[in-house]
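Worksheet: one structure, shown below.
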Amino acid sequence: MQTWLTLEEFGKLVQKSAEEIEALCASGELAHKIENGVIYIEATDGAKVLLPTVGGGAVLDEMPVTTNFVEKTIGTILTLHERVMDAKDETLEALRNENKFLKEALLSMQELYEEERHLVAELTKQLEIVRTELELQKRKYRLMWEKAVENHTR
């Protein structure tokens, strides 16, 4: 498995300056490639070349560390990074879906509100018509009763 790191990332990992790493690349000691003007170093083989070895293991802060351990550690870190990125993508997708659902719910609520508003307007018109008819009926019966009382009193 090849793991490519940018020149700066690789420099931080092995604690070397960019000039030193470029010199190693120029001499062919480090596997590298250039894409879009960015230099990428192959991390696994590069770590083997740059970490000093003592008795078959690398020395890092006075602790013997095998190159296999370094490879596995870098691989683990990269795997964890990929998992975090995947989780981030899944979270973003879930948020997009939730926003889409909320937008659709809001539009549905707006449609219902408009329908209810039209219904209230229609019912208000009908109420006014019924009130007008009731008022006319009251006048009609008042006039009828007044004539009935007049006829009865004569």
Side-chain angles (χ1 to χ4, degrees), residues 1-140:
M1 174 179 97
Q2 287 188 331
T3 305
W4 296 94
L5 297 174
T6 64
L7 180 72
E8 293 79 21
E9 291 171 337
F10 187 76
K12 288 178 186 176
L13 181 67
V14 296
Q15 298 176 349
K16 298 279 184 185
S17 69
E19 292 80 24
E20 291 174 306
I21 296 171
E22 287 175 355
L24 290 170
C25 288
S27 68
E29 292 181 51
L30 290 178
H32 69 283
K33 64 180 178 180
I34 300 174
E35 289 182 5
N36 298 328
V38 179
I39 299 173
Y40 292 95
I41 310 294
E42 205 288 309
T44 307
D45 292 335
K48 289 178 186 175
V49 171
L50 289 176
L51 292 175
T53 58
V54 173
V59 176
L60 186 62
D61 293 332
E62 301 300 323
M63 258 178 57
V65 178
T66 64
T67 55
N68 190 26
F69 173 76
V70 173
E71 289 176 17
K72 287 182 179 179
T73 303
I74 291 172
T76 302
I77 290 170
L78 292 173
T79 302
L80 290 173
H81 176 71
E82 288 176 14
R83 287 183 185 171
V84 167
M85 295 304 290
D86 290 343
K88 178 195 78 152
D89 292 340
E90 289 174 12
T91 302
L92 287 174
E93 186 63 30
L95 288 173
R96 283 186 190 108
N97 288 337
E98 184 178 349
N99 283 346
K100 183 179 176 183
F101 171 75
L102 291 173
K103 183 179 178 180
E104 289 171 359
L106 181 61
L107 292 174
S108 176
M109 292 294 288
Q110 285 177 334
E111 288 174 8
L112 287 173
Y113 172 74
E114 286 297 317
E115 289 174 9
E116 293 295 322
R117 200 172 63 125
H118 290 300
L119 181 62
V120 167
E122 186 65 33
L123 290 174
T124 304
K125 274 189 213 174
Q126 290 178 2
L127 182 62
E128 283 301 314
I129 292 169
V130 168
R131 282 184 183 162
T132 305
E133 287 179 13
L134 181 63
E135 212 39 56
L136 289 173
Q137 290 296 327
K138 282 182 184 178
R139 282 189 216 150
K140 180 178 169 184

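These figures come from a predicted structure and were not determined experimentally.
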Exercise for review: Only counting residues at least two apart or in another chain, list the ones meeting side chain to side chain donor-acceptor pair (under 3.5 Å) with Lys33.
Suggested key: Glu35
Point to revise | Nearest-0.5 Å distance that lies between atom OG1 in Thr6 and atom CD1 in Ile41 | key: 9.0 Å
Check your understanding: How far does CZ of Arg139 sit from CG of Leu134, to the nearest 0.5 angstrom?
Key -> 10.5 Å
**Study point:** Straight-line distance of Asp86 CG to Arg83 CZ, nearest 0.5 Å
**Key:** 9.5 Å
Check your understanding: Are Glu20 and Ser17 linked by a side-chain donor-acceptor pair shorter than 3.5 Å?
Key -> yes
Review point. Got a sec, which pairs hit salt bridge (charged side-chain N to carboxylate O under 4.0 Å, His left out) with one end in residues 100-110, sequence neighbours left out?
Key: none
Side-chain donor-acceptor pairs of residues 110-127 under 3.5 Å, sequence neighbours excluded:
unit_1	atom_1	unit_2	atom_2	d
Glu114	OE1	Arg117	NH2	3.0
Thr124	OG1	Val120	O	2.7

Review point. Given the rule in the side-chain contact (heavy atoms from CB on, under 4.5 Å) test, do Leu136 and Lys140 qualify, once you have shown the distances and angles that lead to the verdict?
Key: CA-CA 6 Å; Leu136 289 173; Lys140 180 178 169 184; over 6 Å; no
Check your understanding: Leu30 versus Phe10: any side-chain heavy-atom pair under 4.5 Å?
Key -> yes
Exercise for review: Test side-chain contact (heavy atoms from CB on, under 4.5 Å) on Ile77 and Thr73 and set out the steps.
Suggested key: CA-CA 6 Å; Ile77 290 170; Thr73 303; 4.0 Å; yes
Exercise for review: First locate atom OG1 of Thr76, then atom CZ of Phe69, and finally report the distance between them rounded to the nearest 0.5 Å.
Suggested key: 8.5 Å
Point to revise | CD1 on Ile21 to NE2 on His32, rounded to 0.5 Å | key: 12.0 Å
Check your understanding: Any Lys/Arg nitrogen of Glu128 or Arg131 sitting under 4.0 Å from an Asp/Glu carboxylate oxygen of the other?
Key -> yes
Point to revise | From Trp4 atom CH2 to Ile39 atom CD1, the distance as rounded to the nearest 0.5 Å | key: 12.0 Å
